[in-house]
Amino acid sequence: MESIGKDCTELKHTYDSCFNKWYSEKFLKGETEPDSKCEEIFTEYKACVMKVIKEKGIDQMLTDARRDSSSK
């Protein structure tokens with residue numbers, strides 16, 4: 001699956017692969033400590049996605065929706 005931003009897709013695939021490996025090889029065997037490498041990749045991916053969300057104006061739409069939802 002592609003990411004919301006074209007520039008973020010490679011990071012998404014890298015993170016997905018890292019997470020899936022950790023989940024199947026460690027988490028399901030009882031090792032619940034997060035993988036620091038996966039966390040680093042996720043931080044990069046999240047920053048990329050947040051940049052795209054801001055560039056597309058989606059951040060303002062989310063802020064407005066949250067404000068509207070909380071005022072009901």
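All values below come from the heavy atoms of this structure, side chains included, with hydrogens, waters and symmetry mates left out.
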Is there a path of hydrophobic side-chain contacts, each under 4.5 Å between heavy atoms, that joins Val52 and Met61?
no
Smallest separation among heavy atoms of Glu39 and Pro34, with atom names
OE2-CB, 3.2 Å
d(Asp16 CG, Lys21 NZ) to nearest 0.5 Å is 15.0 Å
How many angstroms lie between atom CD of Glu55 and atom CG of Asp7, to the nearest 0.5 angstrom?
8.0 Å
Between Ile53 and Ile4, is a side-chain contact (heavy atoms from CB on, under 4.5 Å) present by the stated rule, with each step listed?
CA-CA 8 Å; Ile53 286 173; Ile4 189 170; 4.2 Å; yes
Atom CD in Glu2, atom SG in Cys8: separation rounded to 0.5 Å?
11.0 Å
Considering all heavy atoms, the nearest Asp35-Lys37 contact
OD1-N, 2.7 Å
Side chain Thr9, main chain Ser3, donor-acceptor under 3.5 Å
yes
Met50 side, atom CE; Ile58 side, atom CD1 - distance, nearest 0.5 Å:
10.0 Å
Would you call the rings of Phe19 and Tyr15 parallel, tilted or perpendicular, taking 30° and 60° as the class edges?
tilted
For Ser69 and Ala65, indicate whether the former's side chain and the latter's backbone hold a donor-acceptor pair under 3.5 Å.
no
Spell out, as yes or no, whether a donor-acceptor pair under 3.5 Å connects the side chain of Trp22 to the backbone of Glu33.
yes
Are the side chains of Lys46 and Phe42 in contact, using a 4.5 Å heavy-atom criterion?
yes
Would you compute the distance between atom OH of Tyr23 and atom CG of Leu28 and round it to the nearest 0.5 angstrom?
4.5 Å
Is there a donor-acceptor contact under 3.5 Å from the side chain of Ser17 to the main chain of His13?
no
Euclidean distance, Cys48 SG relative to Lys6 NZ, rounded to 0.5 Å:
13.0 Å
